[in-house]
Amino acid sequence: MTTDLTFIRNIGICAHIDAGKTTVSERILFYTGKNYKMGEVHEGTATMDFLEEEQERGITIQSAATTCPWVRNGQDYKINLIDTPGHVDFTIEVERSMRVLDGAVAVFDGKEGVEAQSETVWRQADRYRVPRLCFINKMDKLGASFEFSYDTILERLGANAIPIQYPLGQSGEHKGIIDLVTMRAFRFEGEKGDTVRETDVPAEFMEAARKWRHTMIEKAAELDDHLMEKFLHDQEPTVEEIKAAIRKGTIARKCCPVLCGAALRNIGVQALLDAVVDFLPAPTEVPEVEGTDPQDREVRITRPHDPSAPFSALVFKVVSDAHGDLTYMRIYSGKLSRGSRMLNPGNNKKENVSRIFEMHAQHRIPLEEATAGNIVAVVGIKDSWTGDTLADADDPILLERMHFPEPVISMSIEPKSNDDRRRLADALQVIRREDPSFRYTYDDETQQTIISGMGELHLEIIRNKLIRDMKVNVETGKPKVSYRETISKKVEYVRAKFVKQTGGRGQFGDVVIDLEPYTAERAKADELDFTDNVAFENKVVGGTVPKEYVKPTEDGIRRTALTGVKYGYQMINIKATLVDGSSHPVDSSQVAFEVAGGMALKEAAERAGPLLLEPIMKVVVTVPNDYLGNVTGDINSRRGMIIDTEDRGPVKLVTCEVPLSEMFGYTTSLRGMSQGRASSTMEFLEYRPLPAGLVKKMMDEQEGRK
């Protein structure tokens, strides 16, 4: 196997769920000789879907990596392949794969064309500037249409798609492919399609083939001046000239070659492998990796894809294992050997590599060293997570981090026993390390552990992992919205006196406060502490409240604000000013003034127009134009407000502000109203007053539960 970077291809297979990605990957493994038997998704025997959940559900949940050989024109090539999930809930798996790939194969269903997740993964590939091929799969499916699927790539993705193949029959008549570059037909015969027979283009397909070849040459000519000159003079370009122009355009991301076939029926996969070698870039043909100087983030530096350059790599996946965490990394420059010591410039910690593996799904092949351009997994890394850089300690670089999508759905999770409670925190931390799109928090107000993820299926998989793999018994439920309290107006000179006489020494505390609405900006300008969104100021003159009782008064006010005054939720955005009071030479104490401070806040808040606040989320929906009306109407029905609508090619970006209480289950609803083609992100924006009618309804419900 060659180690020359020119003959390496780092590619990913990506698509909408059920487009056939894993079947394509399985055929690649068979035809490259990596596997001697074809695995099937529908039988639960796919090599790349090795998790129990994947085999049961027949879907890909986590990306799987492998390395396989391919011979093209007598030359050995090495293909590092990552099979990614198609379900939107596991979009992080596609995200981190795209970050480290040099090229991708986007697979489309021959009947459905571009689907929801097709658009999502296409945008991810755009974000990381990944060149790609298009493979229209399932051409044997009833109703499959190459023309329709090709048009959806043009229209929905806005891609400059160049057809380089045409199907030899469609739907139930699909028998092979026509190579439009060479104008030769190929049939894939034998029980496993491993005998490729080349023939002339059958007469009944010649007219269609010529038409599509003309389209190919016209589009290729736009990418190359020499080819354009030939095209304008009606001169026939050579096969080499066509391939060179399309390769140049693909690597520059100015075009996407389109191929076709039927992976399940073993048609077209060998030609796809040839196209990967012919048109997708080697590590040396992509721009040098960019990063910053860890000591000065303003200084940009680059690393060449060269084994002799200083070492740099990006961690893109961490998998917990009984024998030690398996850390997947893409090596961009330099060389990695067993026992190597390197630096994580992000946290300034040293890491040791005890073992290096070339991965074949869950199987490990030990290596003594790995060089630039390769994707490997290592054991021994302790303090580096997904997105971290590992580099030469003497010449460090900090590579660009990945984009992690924010969770869009949450639920509460409760351990069933004390033993489960002890193990739950460790288990959640392990899952968080493996999956950056997963979040968990403990809500002191509701006494719940809240887990958050990319969708209901995502959280269901995590729940099953806790129970099945980590042996932590848990129950899940719905989370509660954490509301807040505040006030609507300023009140002055509110007195509260705490007097308690029990025969001996009594308790006496007397304070007078002003209370007003307040903001973080004002607190900053006034140079006041705004911890928990509450400010306190002492304006007592003449010592009417002795100095030693001022801090206890503040503590009483802050403690009461945390537990709420009228509705039982934390008070925020207020300022309490201590203006007067009195003390008793014998009975006054810190405890008495702390109680008096709390009493004063309660009394003042009742007079200051108490308000109940709800969390408002900023929601950005990416929706195809056809479904815009459905989405905006639904947002309005959720008490949402449309802030902006922006055109982004064939889709619109709708920015809106919606109460969190109306957003539970939104991801599922959004998919339903857009046939799965819309996606959304959600993040906290601010707290706003809950409408009076809903306040009354909520209070009535609370009364009813008592």
Side-chain angles (χ1 to χ4, degrees), residues 51-54 56-57 59-63 85 87-96 317-320 325 385-387 402-483 570 614-619 658-671 679-685:
L51 295 181
E52 193 173 344
E53 286 274 1
E54 294 178 316
E56 287 178 0
R57 296 173 185 270
I59 62 171
T60 303
I61 292 171
Q62 70 172 26
S63 54
H87 198 290
V88 68
D89 284 15
F90 309 108
T91 187
I92 181 61
E93 293 290 338
V94 185
E95 187 83 22
R96 54 181 166 195
K317 187 178 174 74
V318 178
V319 177
S320 295
D325 286 350
W385 290 37
T386 298
M402 300 180 201
H403 167 80
F404 297 137
E406 289 300 313
V408 295
I409 190 169
S410 304
M411 67 166 63
S412 61
I413 188 165
E414 294 292 335
K416 288 186 177 180
S417 68
N418 286 333
D419 191 40
D420 291 321
R421 187 178 302 279
R422 284 192 293 272
R423 295 205 306 271
L424 179 61
D426 291 339
L428 291 177
Q429 190 170 356
V430 168
I431 295 173
R432 174 78 177 97
R433 183 169 159 82
E434 289 187 347
D435 183 355
S437 65
F438 169 71
R439 307 276 198 282
Y440 69 95
T441 57
Y442 184 76
D443 191 325
D444 290 319
E445 295 179 33
T446 61
Q447 304 292 301
Q448 291 178 316
T449 298
I450 305 296
I451 60 173
S452 306
M454 300 308 299
E456 288 159 300
L457 178 60
H458 187 197
L459 294 184
E460 184 183 338
I461 296 293
I462 286 169
R463 175 186 172 275
N464 291 349
K465 184 168 187 173
L466 285 167
I467 295 171
R468 178 186 286 174
D469 300 339
M470 299 180 165
K471 312 301 182 190
V472 181
N473 290 313
V474 292
E475 292 179 339
T476 54
K478 292 183 179 179
K480 299 175 183 176
V481 175
S482 293
Y483 294 91
Q570 179 182 343
E614 63 177 339
I616 303 296
M617 313 303 288
K618 178 185 177 184
V619 181
V658 195
L660 175 61
S661 61
E662 305 286 348
M663 291 301 289
F664 294 125
Y666 179 68
T667 307
T668 304
S669 299
L670 180 63
R671 289 177 195 153
S679 61
S680 66
T681 60
M682 182 168 69
E683 61 182 345
F684 173 74
L685 181 65

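As a basis for the values below, the full set of heavy atoms in this structure was taken, side chains included, without hydrogen atoms, waters or symmetry mates.
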### Message
Can you give me the closest heavy-atom contact between A427 and L466, atom names plus distance?
### Response
CB-CD2, 3.5 Å
#### Entry: Option passing side chain to side chain contact (heavy atoms under 4.5 Å, CB included) with I413 (candidates T476, V472, I450)
T476
### Query
Mind checking what makes salt bridge (Lys or Arg N to Asp or Glu O under 4.0 Å) contact with R423, not counting sequence neighbours?
D419, D420
### Message
Can you tell me how far apart CD1 (I451) and CZ (R439) are? Round to the nearest 0.5 Å.
### Response
13.5 Å
### Query
Which residues pass the side-chain contact (heavy atoms from CB on, under 4.5 Å) test with N418, sequence neighbours left out?
R421, R422
### Pairwise distance CG(D435) to OG1(T386) - rounded to 0.5 angstrom
8.5 Å
### Task
Given side-chain contact (heavy atoms from CB on, under 4.5 Å), test M617 with V658 step by step and report yes or no.
CA-CA 5 Å; M617 313 303 288; V658 195; 5.5 Å; no
### Query
For R432, what residues pass the salt bridge (Lys or Arg N to Asp or Glu O under 4.0 Å) criterion, not counting sequence neighbours?
none
### Heavy-atom pair with the smallest gap, counting every atom of L424 and P415
CD2-CD, 3.9 Å
### Task
Drop me the distance from Y666's OH to R671's CZ, to the nearest 0.5 angstrom.
11.5 Å
### Query
What pairs with Q429 under side-chain contact (heavy atoms from CB on, under 4.5 Å), at least two apart in sequence or on another chain?
Y440
### Task
Could you tell me the separation between the CE atom of M470 and the CG atom of L428, rounded to the nearest 0.5 Å?
8.5 Å
### Task
Report yes if some heavy atom in the side chain of K416 is under 4.5 Å from a heavy atom in the side chain of V474; otherwise report no.
no
### Task
Give the C-alpha distance, both sets of side-chain angles, the deciding distance and a yes or no for side-chain contact (heavy atoms from CB on, under 4.5 Å) between V319 and K317.
CA-CA 7 Å; V319 177; K317 187 178 174 74; 3.8 Å; yes
### Query
To the nearest 0.5 Å, how far apart are CG in L459 and NZ in K465?
13.5 Å
### Query
Who pairs with E662 by salt bridge (Lys or Arg N to Asp or Glu O under 4.0 Å), at least two apart in sequence or on another chain?
R639
### Task
Go through the steps for I431 and I462 under the test side-chain contact (heavy atoms from CB on, under 4.5 Å), then give the verdict.
CA-CA 8 Å; I431 295 173; I462 286 169; 4.0 Å; yes
